[in-house]
Amino acid sequence: MSRERMDFDVIIVGAGPAGLSAAIRLAQLGQEKNQPVNICVLDKGAEVGSHILSGAVLEPRALNELIPDWRQKSAPLHTVATQDQFNFLTPKKSYRLPTPPQMHNKGNYIISLEKFCRWLAEQAESLGVNIFPSFAATEIIYENDRVCGVITGDKGVDRTGQPTSRYQPGMDLYAKQTLFAEGCRGSLTKKLIEKYDLRKGKDPQTYGLGIKELWEIPEELHRSGLVLHSIGWPLDNATYGGSFLYHFEKNLVEIGFVVGLDYSNPYLNPYEEFQRFKNHPSISPLLEKGKRIGYGARSLNEGGFQSLPKLTMPGGLLIGCAAGFLNVPKIKGIHTAMKSGMVAAESIFPSLQDDIQGECFSFTTNMEKSWVWKELYKVRNIRPALTWGLWPGLVYSAIDTYIFRGNAPWTFHNHADYKQLKPANECQKIEYPRHNNKVTFDLLNSLYLANVQYEEDQPYHLKLADRQVAIDINYKIYASPEQRYCPAGVYEIIFNEDHKPRLMINGGNCIHCKACDIKDPTQNITWTPSEGGSGPLYEMM
């Protein structure tokens, strides 16, 4: 079967905050100028929001600019952040620290990002935007070295690559401009960065892995609007990370843990660090009488200002977390992602009307003039400083914030996370406590709550460049760290009858966090999109 071709003015890959904000702003401009724009938004999730996961505290600055009457339009912002707490944990104690100014949340909202994206999609559709969930963009269309659109993946193909009874070929989608809003470590974005050398003169991107649970707790324990973060235990002082715990809506708590993927000990297990954190005396009483109703994980960009790649290439732009606009010290990226989408829309709109299909250099210029650029510049040194260790990093962060006010005459640099692992024989094994199935749970028990859905015989979407490398290097030198950094149990070492090890990939467990693509020490693993509509089906996350 041949592929169908469809033509649009703009294709947006990804229906997250950046992609949907770009679509809305483009449609608004089309109405204002009486020059409608034909917009297509693709999303690999079964529904808009089903692959969306975040903390999430929303700073409404970009939303106020994009949809000033969002209250009248019933945006799902129901819980105002009323109190901030920033704690340092030891194994038995919790000590309250002054809340850094970047982390103050007065005027912000605790939200479900999944619900918020569904609402943004409704606003976009009301303006005439075409949104196609369940379609994964798997290839880029080039003509004369210019991005001309994308190809969506075939559906109904079995593991051997043969069509089944439900086979549907992908589509060739062409556009004057293509916006890549795939989120952190997008598969097409990764290809674009390599093809056009978009990281030339830039720092490597560095990442964290965020693992999150959603709990319903008794009303008498719920403190609506409380935003709590912690550092310290259970991580050692050399490992970057910390927790978040947000009380929102009716008796709901978002609780999660982030571990920087630049850690060095291959025995570290981010999932088990999270479970251990929940056993802390200041945390477990909140959960013991509650019910866990959701689980998920995703990687997040932590490189900040100095790791932003070149944002444009002929025929395309990078926006949102595909580019890396997360503000790490603020622990927020929704507002910056939205603003980048809005600026992209305003930058490409004039060229659409003039049928100019070259590279949109004005996007970079306009971003540099925006409040996003200023915001990220001022905090550029805080995350890199924490690679010195917790306490030296905190001391420098205070000096940078209160004395230099973000304008220090230097810029620290980032490193590639996959290069940071030490050989297993140089590291100490970490013994994690058994789960009590009340507050802490095993991985497969958690994975059930992610509502993962795959066709049993669909093709493998996790690619190994060399299967033997997984044994000769990962297993023999690093003790197979992919068994521990994956928060979904995808990777497993099994032994045959001759006691020879083999890496088994349980692709049907994958929740699209992309930690494997980032942390694998030989970069032997490549994450690609699975069949459109498969993967996790998050609700309220």
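Note: hydrogens, waters and symmetry copies are ignored here, and every other heavy atom, side chains too, is used. Positions are given from 1 along the sequence.
Around OH of Y460, the count of heavy atoms belonging to other residues, nucleotides or ligands within 6.0 Å does not exceed 12. In this structure, Q468 places its CD atom where more than 12 heavy-atom neighbours from other residues, nucleotides or ligands lie under 6.0 Å away. The neighbour count for K176 NZ, taken as heavy atoms of other residues, nucleotides or ligands under 6.0 Å away, is above 12. Within 6.0 Å of the CG atom in N144, the count of heavy atoms belonging to other residues, nucleotides or ligands does not exceed 12.
Side-chain contact between D154 and T138 is absent, with no heavy-atom pair separated by less than 4.5 Å. In this structure, the side chains of Y207 and K514 stay at 4.5 Å or more apart for every pair of heavy atoms. For the pair L308/K202, no side-chain contact is recorded, criterion being any heavy-atom separation below 4.5 Å from C-beta on. Looking only at side-chain heavy atoms (C-beta outward), M313 and L318 come within less than 4.5 Å of each other. At a threshold of 4.5 Å between non-hydrogen side-chain atoms, the residues L462 and W527 count as touching. At least one side-chain heavy atom of Y196 sits less than 4.5 Å from a side-chain heavy atom of V147. S307 has its side chain out of reach of N301: every pair of non-hydrogen atoms, C-beta onward, lies at least 4.5 Å apart. Under the 4.5 Å side-chain criterion, counting only non-hydrogen atoms from C-beta, Y538 is not in contact with I52.
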Check the pair V41 / V48 against side-chain contact (heavy atoms from CB on, under 4.5 Å), numbers first and verdict last.
CA-CA 10 Å; V41 180; V48 171; over 6 Å; no
For a side-chain contact (heavy atoms from CB on, under 4.5 Å) check, start with the C-alpha distance between I511 and V490, then their side-chain angles and the critical distance, and finish with the verdict.
CA-CA 9 Å; I511 52 177; V490 170; over 6 Å; no
Are T206 and N414 close enough, and set up right, to give a side chain to side chain donor-acceptor pair (under 3.5 Å), and what steps lead you there?
CA-CA 7 Å; T206 187; N414 295 317; 5.8 Å; no
Dump the intermediate steps for side-chain contact (heavy atoms from CB on, under 4.5 Å) on F180 and K191, then the final yes or no.
CA-CA 11 Å; F180 294 88; K191 293 178 180 178; over 6 Å; no
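With Q306 contributing its side chain and Y377 its backbone, the two residues share no donor-acceptor pair below 3.5 Å. Listed for the R185 side chain is no donor-acceptor partner under 3.5 Å among the backbone atoms of A515. Remark: side-chain polar atoms of D43 are paired, donor with acceptor, to backbone N or O of A15 under 3.5 angstrom. Between the side chain of N237 and the backbone N or O of W391 there is no donor-acceptor pair closer than 3.5 Å. Side chain of Q458 to backbone of E531: a donor-acceptor contact under 3.5 angstrom is found. A donor-acceptor contact shorter than 3.5 Å links the side chain of Q28 to the backbone of L66. Proximity of a side-chain donor or acceptor of N506 to a complementary backbone N or O of N509 within less than 3.5 Å is not detected. Here the side chain of H51 pairs a donor or acceptor atom with the backbone of S534 at under 3.5 angstrom. Of the possible polar contacts, one joining the N524 side chain to the D466 backbone as a donor-acceptor pair under 3.5 Å is found. Distance alone, capped at 3.5 Å, places no donor-acceptor pair between the E194 side chain and the K190 backbone.
Taking OH from Y418 and CG from L261, the interatomic distance works out to 14.0 Å, rounded to the nearest 0.5 Å. Separating the CD atom in Q102 from the OG atom in S397 is a distance of 8.0 Å, to the nearest 0.5 Å. Of the inter-residue distances, the one linking L192 atom CG with I140 atom CD1 reads 3.5 Å to the nearest 0.5 angstrom. Remark: F325 CZ to S340 OG distance equals 5.0 Å, nearest 0.5 Å. Separating the CD atom in E254 from the OG atom in S112 is a distance of 7.0 Å, to the nearest 0.5 Å. Considering CD of Q205 and CZ of R199, their distance stands at 5.5 Å, rounded to 0.5 Å.
Among residues two or more places apart in sequence or in another chain, the salt bridge (charged side-chain N to carboxylate O under 4.0 Å, His left out) test is passed with K463 by none. Applying the salt bridge (charged side-chain N to carboxylate O under 4.0 Å, His left out) rule to R380 yields no partners; only residues at least two apart in sequence or on another chain are considered. With sequence neighbours left out, Y263 forms a ring-ring contact (aromatic ring centres under 6.0 Å, His included) with no residue at all. Applying the ring-ring contact (aromatic ring centres under 6.0 Å, His included) test to W388 and every residue at least two apart in sequence or in another chain returns Y396, F412. Applying the ring-ring contact (aromatic ring centres under 6.0 Å, His included) rule to Y246 yields the partners H229, F244; only residues at least two apart in sequence or on another chain are considered. Listed by chain and number, the residues in a ring-ring contact (aromatic ring centres under 6.0 Å, His included) with Y267 amount to none (sequence neighbours excluded).
Considering every non-hydrogen atom in both L53 and A297, the closest pair reads CD1-N, 3.5 Å. The two atoms that bring K155 and S134 nearest to each other are NZ-O, 2.8 Å, heavy atoms only. Shown here for V13 and A137, the closest heavy-atom pair between the two residues is CG1-CB, 3.8 Å. Residues I319 and A344 come closest through the heavy atom pair CG2-CB, 3.7 Å. Across all their heavy atoms, C427 and N265 have their closest contact at CB-OD1, 3.4 Å. The nearest pair of heavy atoms linking N381 to A408 is ND2-CB, 4.2 Å.
Donor-acceptor pairing under 3.5 Å is lacking for the side chains of T528 and S187. Using modelled atom types and a 3.5 Å distance limit, the side chains of D262 and H415 yield a donor-acceptor pair. Residues N474 and E482 have side chains that bring a donor and an acceptor to within less than 3.5 angstrom of each other. Under 3.5 Å, the side chains of E182 and T189 contain a donor-acceptor pair of N or O atoms.
By the 4.0 Å N-to-carboxylate-O rule, R118 lies close enough to E47 to be salt-bridged with it. Ion pairing of R383 with E302 is present here, as a side-chain N (NZ or NE/NH1/NH2) and a carboxylate O approach within less than 4.0 Å. Look at K310 and E359 and you find a salt bridge, because one of the NZ, NE, NH1 or NH2 atoms lies within 4.0 Å of a carboxylate O, short of that distance. A salt bridge links D145 to K195: at least one charged side-chain nitrogen sits closer than 4.0 Å to a carboxylate oxygen.
With V379 as reference, N327 is the one residue of D400, T401, N327, V328 to meet the side-chain contact (heavy atoms from CB on, under 4.5 Å) rule. Among L26, I39, V10, the one residue that satisfies the side-chain contact (heavy atoms from CB on, under 4.5 Å) test with V129 is I39.
Using a 30° and 60° split on the angle between ring planes, F277 and F257 fall in the tilted class, from 30° to 60°.
Relative to the ring axis of F274, K212 does not place its NZ or CZ within 45° and under 6.0 Å from the centre.
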